[in-house]
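Here's the structure, in structure tokens; my notes come after.
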Protein chains: 2
Amino acid sequence: MADLRRKTGPSRPLGELTEALRRGERRVTGPRLAILQVLREHRRPLSNKEVLALLPQGYCDLATVYRSMHLLRRLGLVQRFDVGDGVARHELRDAGHDGHHHHLVCRRCAQVVAIDCCLLEEVERELSRHSGYQALQHRLEFTGICPDCQQR
Amino acid sequence: MADLRRKTGPSRPLGELTEALRRGERRVTGPRLAILQVLREHRRPLSNKEVLALLPQGYCDLATVYRSMHLLRRLGLVQRFDVGDGVARHELRDAGHDGHHHHLVCRRCAQVVAIDCCLLEEVERELSRHSGYQALQHRLEFTGICPDCQQR
DNA sequence: GTGATTGCAAAAATTTTGCAAATTC
DNA sequence: GAATTTGCAAAATTTTTGCAATCAC
């Protein structure tokens, strides 16, 4: 499922990522760079242990991976996935994450259609009124079978 | 959008649930009955600790709640949700439809509100017409800051 | 009675944290 | 030089498991 979400094309340049760190007034350290490299090269949800294993032998501590992942998530660079086995996984997000939008993904071929408009602003306002929750955000993903795949 | 929040009334009759246990050749025990009662009365994703706390004082062991929840999941009676705080939650599934609905999760305390109606059936139809995709499904999750956390 | 189920306690596994030393800016 | 970040070890959680006692059928 995670693979279906992935957009084709190269991942974000490392420079952009370190830039995001600096914007957040965080330091660009060896471990953080290395972790970002791993995430760039393996674009699927990785557990922290997997990330550690993909780093040069003994390069950094598991605790550092945990801390870095928290940071990257706060900065919006990474998205967390819970697959249902009690282990958190993280995946690098695509560049356009500030421009909020949704995707429609084919479950067969993973072709992606971007949905430009955000469909849920009105719903969000209503929901906030009814629930008392504030600062609402949402994450919406559609899947289906694309026209091409329907013919096969 | 009148009533977004799930009505808290009991759902599936208890008899139907114990029936499912028997069909699975599992025994109907006190702890299992009590856990099912709790799930029937609180129809939102509950952690195992929450379930235990909602049972009569000292009524059963946390390990039993874990084991029961595994069983109920294998039997398809409950659905597991991972909200992103490292704690698994379970919710009773509805008999009739697939149990599809959405959640509103507090980003601070992970408290969950179930949203009874599916907001996107109409959107899905529109989207299907415009994109040509078929058999659409979606996953939608709202997050926000719950009223309690707003005060802290 | 037989076999599944429970409680208890102990173990596993994941994640977080305190603090001195090292690193980045 | 100041402040953040790291490693290490220890702690805190969440979840699982072994086993004798108990319970459902």
Side-chain angles (χ1 to χ4, degrees), chain A residues 14-15 17-38 45-53 55-75 77-78 80-90, chain B residues 14-15 17-38 45-75 77-78 80-90 108-112:
Chain A
L14 198 58
L17 298 171
T18 58
E19 179 61 24
L21 275 178
R22 293 207 175 82
R23 258 202 315 278
E25 291 173 352
R26 298 309 167 115
R27 294 182 177 168
V28 178
T29 68
R32 286 177 184 169
L33 271 179
I35 289 166
L36 282 170
Q37 290 281 24
V38 166
L46 295 175
S47 72
N48 287 342
K49 274 191 178 169
E50 286 176 305
V51 169
L52 185 67
L55 289 170
Q57 189 79 358
Y59 183 72
C60 88
D61 194 79
L62 184 58
T64 299
V65 179
Y66 272 97
R67 283 189 276 227
S68 296
M69 224 51 100
H70 278 187
L71 173 62
L72 295 178
R73 186 146 72 116
R74 275 200 304 281
L75 294 176
L77 296 181
V78 135
R80 171 175 170 150
F81 291 93
D82 290 285
V83 169
D85 65 347
V87 182
R89 289 172 171 78
H90 298 269
Chain B
L14 199 57
L17 298 172
T18 58
E19 179 60 24
L21 275 178
R22 292 206 175 83
R23 257 201 316 277
E25 291 174 352
R26 297 310 167 113
R27 295 183 175 166
V28 178
T29 67
R32 286 178 183 169
L33 271 178
I35 288 165
L36 282 170
Q37 289 281 24
V38 166
L46 294 175
S47 71
N48 288 342
K49 273 191 179 170
E50 286 176 305
V51 170
L52 185 68
L54 288 167
L55 289 170
Q57 190 78 2
Y59 182 73
C60 90
D61 194 78
L62 183 58
T64 299
V65 179
Y66 272 96
R67 284 189 275 226
S68 297
M69 223 53 98
H70 277 188
L71 173 61
L72 295 178
R73 186 145 73 113
R74 276 200 303 279
L75 294 177
L77 296 181
V78 302
R80 170 175 171 153
F81 291 95
D82 291 285
V83 164
D85 65 346
V87 182
R89 289 172 171 77
H90 297 268
R108 299 250 172 85
C109 70
Q111 163 115 218
V112 182

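The chains referred to below are lettered A, B, ... by the order of the sequence lines, with proteins before strands, and numbering in each begins at 1. This one's a predicted model, so the numbers in the text were calculated from it and none came from an experiment.
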Whole Å only: how far is the [atom1] atom of [X] from the [atom2] atom of [N]?
X: A:Asp61; N: C:dT16; atom1: CG; atom2: C1'; answer: 12 Å
X: A:Leu55; N: D:dG7; atom1: CG; atom2: C1'; answer: 14 Å
X: A:Arg32; N: D:dT5; atom1: CZ; atom2: P; answer: 4 Å
X: A:Leu62; N: D:dA10; atom1: CG; atom2: C1'; answer: 14 Å
X: B:Leu71; N: D:dT17; atom1: CG; atom2: C1'; answer: 17 Å
X: A:Glu50; N: C:dT15; atom1: CD; atom2: P; answer: 11 Å
X: B:Tyr66; N: C:dA10; atom1: OH; atom2: P; answer: 18 Å
X: A:Leu33; N: C:dT24; atom1: CG; atom2: C1'; answer: 12 Å

For the atom pair [atom1] ([X]) and [atom2] ([Y]), what is the distance rounded to the nearest 0.5 Å?
X: B:Leu33; Y: B:Leu21; atom1: CG; atom2: CG; answer: 8.0 Å
X: B:Arg67; Y: B:Asp61; atom1: CZ; atom2: CG; answer: 7.5 Å
X: B:Arg26; Y: B:Leu72; atom1: CZ; atom2: CG; answer: 10.5 Å
X: B:Arg23; Y: B:Thr18; atom1: CZ; atom2: OG1; answer: 9.5 Å

So which one's nearest nucleotide on DNA chain D is more toward 5', A:Thr29 or B:Ala63? A:Thr29
If you find the nucleotide of DNA chain D closest to B:Val28 and the one closest to B:Asn48, which residue's nucleotide is nearer the 5' end? B:Asn48
Would you please confirm or rule out a distance under 4.0 Å between OP1 or OP2 of C:dT16 and any side-chain N or O of A:His70? yes
Any B:Thr64 side-chain N or O less than 4.0 Å from OP1/OP2 of C:dT6: no
Which listed nucleotide ([options]) is nearest to the side chain of [X]?
X: B:Arg26; options: D:dT14, C:dT14, C:dT5; result: C:dT5
X: A:Val87; options: D:dT16, D:dT15, C:dT15; result: C:dT15
X: A:Arg67; options: C:dT15, D:dT15, D:dG7; result: D:dG7

For the side chain of A:Arg27 and the base of D:dA3, is some donor closer than 3.5 Å to an acceptor across the two? yes
Shortest non-hydrogen contact from A:Ser47 toward A:Arg89: N-CG, 3.7 Å
